[in-house]
Structures are given as C-alpha cells and as structure tokens.
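Accompanying notes for the structure given below.
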Amino acid sequence: MAGSGLELVTPHGPAGVAVLRFHESTRKETLERFGLHEVPPGSVHLVRPSLDGEVLDEGLLVACPDGSLELHVHGSPALVERLLVGEPSARQSSAGLSLEAAALARVPEAPCSAGARLLLDQGRGHLRRSLVEILARADASQATNLLDHWRLQRFWLKPVRVVLVGEVNAGKSTLFNLMIGEEQALTSSEEGTTRDAVQGRGSLGPWPVEWIDTAGERDDAPLAVERAGQEQARMAAAGADLVLRLLPMDGGQSNHPSPSLGSSLPSPPEVILRSRGEQASARRPSPDAGVALDVLDDPQGARAAVARCVLEALGLPGDWTRTSGQAALYDKSQAEALAAFLGGDSSPLQALLDISD
Ligand SMILES: Nc1nc2c(ncn2[C@@H]2O[C@H](COP(=O)(O)OP(=O)(O)OP(=O)(O)O)[C@@H](O)[C@H]2O)c(=O)[nH]1
Ligand SMILES: [Mg+2]
C-alpha cells in the first residue's frame with residue numbers, strides 16, 4: 001500500500017487484532033472521515049469505519065506521537081482487505097496524477113450525475129486551460145469565479161453532511177426517515193431507541209445529502225452502549241456541514257454544549273427545529289425558538305420546511321445548474337492553491353499544472 005497513505009502494520013492473515021496506520025500526510029482527511037477534528041497525541045477514540053455507507057466494524061483510532069493515526073480493528077482478513085481496498089486515498093489518490101487523470105479517477109465516486117459530468121469535463125482539460133489563463137493574465141476575477149462556484153459545487157462531489165441531534169424521543173429518527181424517503185431507522189415512543197448513528201442518502205434540489213440520525217441525548221443513559229452512541233453522536237456532529245437540533249414543541253433545551261469536542265476548529269452551524277408542531281397553537285414557543293414541524297400529520301410541509309432551513313443555513317440555492325464544457329475545481333487543494341494565488345503566491349497553482357500526462 002506504499003504511497004496510498006494507509007498500510008497494514010500487523011502481519012497478514014487471521015489475527016485477534018489488526019493495526020492499520022494512516023500516514024501523517026492524510027491526517028486531516030482521516031480525522032474528518034471519522035467525524036473528528038484535531039486530537040491530542042496519545043489519545044484514543046472509538047470509531048466505526050464505514051465503506052459506501054455500510055459500517056464495517058467498531059475500532060479504536062490512536063493518535064500517535066509522530067502525527068500518524070493507527071486504526072485497531074478485529075483481525076479478520078476479509079475486514080482488513082475491505083478497509084485497505086476501500087480506503088478513499090488508496091482508490092483515488094491524486095498524488096502524482098495530472099489534473100485530467102485525477103478528475104477521471106474520481107468519476108466512479110461522484111455522488112450525483114452533475115458531479116460526474118463536472119469531473120468528466122475536467123478530464124478533458126477545461127480546468128487546466130482556465131488555470132493556465134489565470135496565471136498568464138494574473139486574472140483575479142476568473143480565479144474568484146472558480147472559487148465561488150467551488151463553494152457550491154463541492155457538494156456535487158461530496159454530499160452535504162447533515163447530522164440530526166437532540167434529546168431522546170424528540171423525533172429525530174422519524175424526521176430522518178422522512179428526509180431519506182424510506183423507513184431505515186427504527187422509531188418508537190420509548191426513549192433511547194437509536195443507539196448507533198444511522199446514515200442515509202437523499203437530496204435537496206440539486207444537492208446530494210448524507211443524513212445522519214444519532215442516539216438521543218439524556219443525562220442518565222442507563223447503558224454503556226447508549227453512552228457510546230451519545231459520544232458517537234457528538235463526533236458525527238463535530239464533522240457535519242450542518243447540525244439540526246430537534247427539540248419537542250413542549251420543552252427541550254437549546255443550550256446544549258457545541259459539538260466541537262474541544263477542537264480549535266469552528267463548530268458547524270446549528271439550526272433548531274421543533275417536532276410535534278401540531279401543538280404549536282396551544283403552546284407557541286418564542287418566535288426564535290425554532291421552526292415547528294408536524295412530521296406525522298403534514299410530512300410534505302415538514303420536508304419542505306427542513307429543506308428550506310438546510311439550504312438557507314448553508315447558503316445553497318434551491319436550483320443550480322452548470323453549463324457543460326466549463327472549468328471547475330474538484331478538490332480542496334485546488335481551491336487552496338487559487339486562494340494562495342489571490343494572496344500573491346502562485347507557486348501552489350504552478351505545481352498543480354506542472355504534472356501532465
Ligand atoms: N405527534 C407527533 N409525534 C411525533 C412527531 N415526530 C415523532 N413523533 C413520535 O415521537 C416518538 C419518538 O420518535 P423517534 O423518531 O423514535 O424519536 P428519536 O428522537 O429518534 O428518539 P431516540 O432514538 O430515542 O433518541 C415516536 O412515537 C414518533 O411517532 C411529530 O412531529 N408529532
Ligand atoms: Mg431515534
């Protein structure tokens with residue numbers, strides 16, 4: 001696995017425990033993948049590695065003093081192989097690839113057809129031509145235009161990640177099922193029904209969305225498994241693009257701690273929603289206490305209200321198309337290189353262009 005950023009440290013073959021090491025250079029994306037931000041050296045975190053939406057196992061992520069991260073999982077060869085083969089940087093490492101080849105390598109991963117078309121265009125050299133022009137003419141407005149579009153179109157390449165949090169029984173799983181359009185999560189009037197985070201794919205207008213339902217919050221969770229689920233919910237929320245906090249109409253606290261896990265990075269934006277909206281006329285909370293949803297009696301209205309909240313909070317238009325054959329950024333490193341160019345340093349941009357087929 002040399003060069004892919006992930007290697008098996010323990011011997012191949014059946015074992016009690018397998019240890020996989022993520023190279024220091026992939027630290028940031030690895031932490032994001034597990035819903036974590038910065039973690040102190042020597043710390044250990046419970047994680048659930050997943051592939052294409054399926055949770056593969058429960059494991060421990062260890063932050064090593066040298067900056068690398070180790071994943072300790074059960075040593076089943078089948079599991080280890082899936083982790084190695086499925087590792088995103090192993091499948092689509094863009095290191096050493098030209099702008100065109102790296103774009104084409106990502107097409108199978110695109111979460112929507114608009115994203116696939118965007119990548120195919122860059123495979124035909126549109127981004128290269130635009131970046132060459134930007135450098136030759138010191139064209140700040142073309143650079144700014146590409147960056148403005150990246151802010152939106154990045155969600156065609158990696159879905160918007162929306163995490164539902166809130167106290168037990170608030171109606172998170174009911175809302176989750178509504179937003180993905182199927183009964184994937186278990187719902188019940190019993191508190192503490194959801195114990196593991198559940199992921200499901202949906203879309204809002206042109207934007208693919210990864211919805212994540214989580215274990216509810218309560219101070220006196222009786223079982224360790226529920227407390228682990230609550231910790232997992234905090235980790236998922238910290239890695240979200242948007243957190244939706246669901247509170248019942250007739251109560252609930254909106255002042256829970258932010259999900260930053262003590263990181264110095266900013267917390268994701270959070271929007272308050274109120275379930276059991278049918279009680280709104282009887283007990284109307286203050287106008288700034290959140291958008292009321294009547295999920296059971298008016299699912300369509302509730303869905304539309306949540307869609308509006310999400311799009312507005314993230315500044316995403318409800319309708320967005322792109323003319324084919326246009327240049328577009330498709331990786332954060334390209335956006336960073338353009339930002340450096342606008343700040344007066346063109347060397348990262350030049351480095352992107354230096355690799356050709
Ligand atoms: N009347 C009414 N009931 C609702 C609404 N949304 C959810 N419920 C009911 O509230 C109960 C709890 O819903 P869940 O979706 O399981 O709640 P949860 O937040 O996922 O609960 P935990 O998994 O225990 O944290 C269920 O009986 C739902 O049918 C709503 O808008 N109105
Ligand atoms: Mg639930």
Side-chain angles (χ1 to χ4, degrees), residues 35 46 48 50 53-55 58 161-202 209-240 242-259 270-287 289-310:
L46 180 69
R48 290 179 175 82
S50 62
E54 179 200 353
V55 175
E58 195 165 74
R161 205 174 148 84
V162 180
V163 177
L164 288 163
V165 302
E167 60 192 53
V168 286
N169 234 15
K172 302 175 293 298
S173 301
T174 308
L175 181 60
F176 169 84
N177 288 340
L178 175 72
M179 298 314 289
I180 65 165
E182 59 182 85
E183 300 294 310
Q184 190 181 322
L186 216 60
T187 64
S188 130
S189 56
E190 196 175 316
E191 296 188 342
T193 301
T194 306
R195 291 180 174 174
D196 272 326
V198 183
Q199 300 191 10
R201 189 64 68 80
V209 181
E210 189 78 46
W211 294 93
I212 298 155
D213 179 28
T214 63
E217 295 158 353
R218 60 173 158 177
D219 293 336
D220 53 350
L223 300 174
V225 66
E226 189 178 339
R227 291 194 294 277
Q230 291 171 339
E231 179 58 24
Q232 194 190 19
R234 284 190 282 276
M235 292 200 285
L242 180 68
V243 174
L244 294 183
R245 180 170 295 282
L246 194 58
L247 305 173
M249 182 56 71
D250 56 356
Q253 299 294 309
S254 59
N255 58 347
H256 279 268
S258 85
E270 184 171 304
V271 170
I272 308 281
L273 303 171
R274 294 271 173 183
S275 62
R276 298 177 176 78
E278 67 276 7
Q279 300 171 359
S281 51
R283 294 166 194 249
R284 184 173 294 281
S286 62
V291 174
L293 307 173
D294 185 355
V295 178
L296 296 190
D297 293 339
D298 181 16
Q300 278 192 353
R303 197 180 190 289
V306 173
R308 270 196 306 278
C309 287
V310 171

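Counting convention: from 1, in listed order, for ligands and their atoms alike.
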For the 3.5 Å polar cut-off, considering only N or O atoms, please tell me whether [X] and ligand 1 meet it.
X	result
Thr214	no
Thr174	yes
Lys172	yes
Asp213	no
Val168	no
Asn169	yes
Leu186	no
Ala215	no
Ser188	yes

Protein residue, atom and distance nearest to [atom], heavy-atom basis:
atom	value
atom 3 (N) of ligand 1	Leu296 CD1, 3.4 Å
atom 17 (O) of ligand 1	Gly171 N, 3.1 Å
atom 8 (N) of ligand 1	Arg276 NH2, 4.0 Å
atom 2 (C) of ligand 1	Glu278 OE2, 3.2 Å

Open item on the list: I want to confirm something. Looking only at heavy atoms, which of Ser275, Gly216, Gly166, Gly192 is nearest to atom 24 (O) of ligand 1?
Closed with: Gly192

Open item on the list: If you take the nearest heavy atom of each of Ser189, Ala292, Gly229, which one is closest to atom 27 (O) of ligand 1?
Closed with: Ser189

TODO: Could you walk me through whether Arg245 and Glu217 pass salt bridge (charged side-chain N to carboxylate O under 4.0 Å, His left out), step by step?
DONE: CA-CA 11 Å; Arg245 180 170 295 282; Glu217 295 158 353; 3.0 Å; yes

- [ ] Kindly check if the number of other-residue, nucleotide or ligand heavy atoms within 6.0 Å of CG (Leu46) is above 12?
- [x] yes

Task: Contact summary for Lys172 and Gly166, nearest pair of heavy atoms - done: NZ-O, 3.3 Å

Could you check whether any side-chain heavy atom of [X] comes within less than 4.5 Å of a side-chain heavy atom of [Y], counting everything from C-beta outward?
X	Y	result
Cys309	Leu273	yes
Thr214	Gln232	no
Val310	Val162	yes
Met179	Val306	yes
Trp211	Leu244	yes

Task: Environment of the Mg ion (ligand 2) in terms of protein N/O/S atoms, cut-off under 2.8 Å - done: Ser173 OG, Thr194 OG1

[X] side, atom [atom1]; [Y] side, atom [atom2] - distance, nearest 0.5 Å:
X	Y	atom1	atom2	value
Ile180	Glu210	CD1	CD	10.0 Å
Asn169	Glu191	CG	CD	5.0 Å
Leu178	Gln300	CG	CD	9.5 Å
Phe176	Leu164	CZ	CG	8.0 Å
Gln199	Asp213	CD	CG	11.0 Å

- [ ] Just jot down the ligand 1 atoms closer than 4.0 angstrom to any heavy atom of Leu293, in number order.
- [x] 31 (O)

- [ ] Please identify which atoms of ligand 1 are closer than 4.0 Å to at least one heavy atom of Thr187.
- [x] 15 (O), 16 (O)

TODO: Examine ligand 1 and decide if any of its atoms is less than 4.0 Å from a heavy atom belonging to Glu190.
DONE: yes

Task: Partners meeting salt bridge (Lys or Arg N to Asp or Glu O under 4.0 Å) with Arg227 (sequence neighbours left out) - done: none

Task: Chi angles and distances behind the side chain to side chain contact (heavy atoms under 4.5 Å, CB included) call for Gln184, Val198 - done: CA-CA 8 Å; Gln184 190 181 322; Val198 183; 3.4 Å; yes

